[in-house]
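Below is one structure, written out as structure tokens, with a few remarks after it.
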There are 2 protein chains.
Amino acid sequence: MAASVQTRRAGFRTTVVLYGLALAALVVALKYIEYRFLIRDLSVEVYIGVVAVLFTALGIWMGSKLLRRKQEEQVGVSHQVDEEALRRSGISGRELEVLQLMATGRSNQEIANQLFISLPTVKSHSSNLFMKLEVRRRTEAVHKAKSLGLIA
Amino acid sequence: MAASVQTRRAGFRTTVVLYGLALAALVVALKYIEYRFLIRDLSVEVYIGVVAVLFTALGIWMGSKLLRRKQEEQVGVSHQVDEEALRRSGISGRELEVLQLMATGRSNQEIANQLFISLPTVKSHSSNLFMKLEVRRRTEAVHKAKSLGLIA
DNA sequence: GAAGACGTCATCCTTTGGTATGGATCTGCT
DNA sequence: AGCAGATCCATACCAAAGGATGACGTCTTC
């Protein structure tokens with residue numbers, strides 16, 4: 001889970017660094033062309049065109065990198081569990097078990113039987129769960145948990 | 001349905017047209033600055049910097065537009081509603097509306113408010129719904145409906 | 001025009017869910 | 001040793017959900 005944070009930050013740094021390198025490389029390349037081939041009067045329009053196209057492409061690429069995670073959260077595209085979101089939510093192991101059974105439509109009593117605990121305990125867990133998810137009903141909890149990728 | 005395709009194509013055209021307009025506007029702006037203020041020797045690096053930043057931003061914006069469309073299409077395929085299953089289930093239009101709101105975590109009272117009908121009517125619909133889905137609770141109904149592809 | 005599906009609403013009753021509060025262990029960490 | 005968090009359980013109360021039953025009007029369909 002901590003590894004996930006590292007990976008994401010590293011990903012962001014990588015993107016920014018590559019962006020800077022691309023910009024530097026472009027300047028160098030233009031200068032090189034200018035002096036190497038003695039073409040001193042390349043029109044400004046040509047420069048603008050080249051730069052505009054290249055950096056539009058770069059922007060699209062960067063945007064897709066940076067926006068992907070956000071969109072996955074919104075739509076829940078990856079049916080995978082977001083470990084990082086799970087950690088951030090502060091939901092404990094037992095609470096998650098209750099949540100998962102809730103999501104399959106089990107009643108509190110059925111959850112209690114399945115986990116070999118009492119009904120009040122299930123209620124206790126679910127109440128804590130609702131607080132942490134900032135919801136008031138189990139259906140809302142399941143919906144939010146799915147959209148956040150806390151459960152599959 | 002057909003309207004949706006039209007909208008999408010129109011959206012794409014809009015994006016491309018705006019892109020071209022932005023490019024043209026930038027060239028005009030630079031020329032304007034160049035001749036209006038008699039600054040003939042603005043360094044190429046400045047041009048590159050301005051263009052790069054602007055078009056990177058433009059690229060990110062375009063990318064988000066295009067990516068979102070693509071992703072919506074993907075999601076539409078995977079999270080598609082099974083019309084046939086819906087027909088077989090015998091669920092009526094109003095019942096489906098109630099079911100969809102249930103799936104987002106709404107209470108019966110909230111559903112009643114949203115559909116401009118009374119609480120007993122919502123209960124009536126949901127009771128019929130549970131019979132047709134062969135379930136006993138709303139959470140179970142939502143879970144089964146999703147697995148059957150009755151709702152997205 | 002009778003039958004049936006649909007949508008609407010109501011009343012009464014039971015079950016389930018959720019909140020509040022408090023207490024008991026146990027474990028891991030400082 | 002002591003604290004924090006997790007897990008477990010209990011009681012009591014209130015809110016929401018669900019089941020049963022009946023009723024009424026509108027449509028479509030046969």
Side-chain angles (χ1 to χ4, degrees), chain A residues 1-2 81 83-148 150-151, chain B residues 81 83-148 150-151:
Chain A
M1 14 188 109
V81 175
E83 299 289 346
E84 166 60 13
L86 200 51
R87 191 199 56 73
R88 248 185 296 114
S89 71
I91 292 175
S92 73
R94 208 54 160 167
E95 286 162 0
L96 182 61
E97 289 186 74
V98 171
L99 177 59
Q100 287 165 338
L101 290 173
M102 260 184 198
T104 67
R106 303 281 178 276
S107 70
N108 284 339
Q109 186 59 63
E110 288 170 342
I111 295 172
N113 294 338
Q114 197 154 339
L115 297 181
F116 302 105
I117 58 182
S118 75
L119 178 59
T121 303
V122 175
K123 288 187 173 190
S124 171
H125 286 317
S126 56
S127 272
N128 293 330
L129 211 42
F130 298 158
M131 270 193 296
K132 291 176 182 177
L133 287 174
E134 297 175 295
V135 298
R136 310 183 66 79
R137 284 174 295 278
R138 54 178 42 227
T139 46
E140 211 181 342
V142 170
H143 185 245
K144 187 160 189 177
K146 285 201 176 187
S147 73
L148 291 176
L150 302 180
I151 55 180
Chain B
V81 174
E83 300 288 349
E84 170 59 15
L86 200 51
R87 194 197 53 74
R88 249 184 295 111
S89 70
I91 291 175
S92 73
R94 208 54 161 165
E95 286 162 359
L96 181 61
E97 289 185 76
V98 171
L99 177 58
Q100 287 166 337
L101 289 173
M102 261 184 197
T104 67
R106 303 280 178 277
S107 70
N108 284 339
Q109 186 59 62
E110 288 170 343
I111 295 172
N113 295 337
Q114 198 155 340
L115 296 182
F116 302 104
I117 57 182
S118 75
L119 179 59
T121 303
V122 175
K123 288 186 172 189
S124 170
H125 286 316
S126 56
S127 274
N128 294 331
L129 212 41
F130 298 157
M131 271 192 297
K132 291 176 180 176
L133 287 174
E134 297 176 294
V135 297
R136 310 182 67 77
R137 284 173 296 278
R138 55 176 45 226
T139 46
E140 211 180 343
V142 170
H143 185 245
K144 187 160 189 177
K146 284 201 176 187
S147 72
L148 291 176
L150 302 181
I151 54 179

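The side chain to side chain contact (heavy atoms under 4.5 Å, CB included) test with B/Arg138 is passed by exactly one of B/Arg106, B/Met102, B/His143: B/Met102.
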Checklist line | Pair B/Gln109-B/Asn113, side chain to side chain contact (heavy atoms under 4.5 Å, CB included): steps then yes or no | finding: CA-CA 6 Å; B/Gln109 186 59 62; B/Asn113 295 337; 3.2 Å; yes
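Judged by distance alone, the side chains of B/Ser124 and B/Ser127 never bring a donor and an acceptor atom under 3.5 Å apart.
Residues A/Leu133 and A/Ile91 are in side-chain contact: their nearest non-hydrogen atoms beyond the backbone lie under 4.5 Å apart.
For A/Glu134, the CD atom is loosely surrounded, since the number of other residues' heavy atoms within 6.0 Å does not exceed 12.
Note on A/Glu84 versus A/Arg88: salt bridge recorded, some NZ/NE/NH1/NH2 to OD/OE distance being below 4.0 Å. A salt bridge does not link A/Glu110 with B/Arg136: every distance from a Lys NZ or Arg NE/NH1/NH2 to an Asp or Glu carboxylate oxygen is 4.0 Å or more.
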Next item on the list: Sugar-phosphate means primed atoms, P, OP1 and OP2; the rest is base. With that split, encode nucleotides 8-30 of chain D 5' to 3' as B, S or - using protein heavy atoms under 4.0 Å.
Entry: BBBB-----BBS-----------
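Nucleotides of DNA chain C that come within less than 4.0 Å of any heavy atom of chain B span, from the 5' end to the 3' end, C/dG7 to C/dG17.
Without hydrogens or angle criteria, B/Ser126 side chain to B/Val122 main chain gives a donor-acceptor distance under 3.5 Å.
With rounding to whole Å, A/Asn128 atom CG is found 12 Å from D/dG5 atom P.
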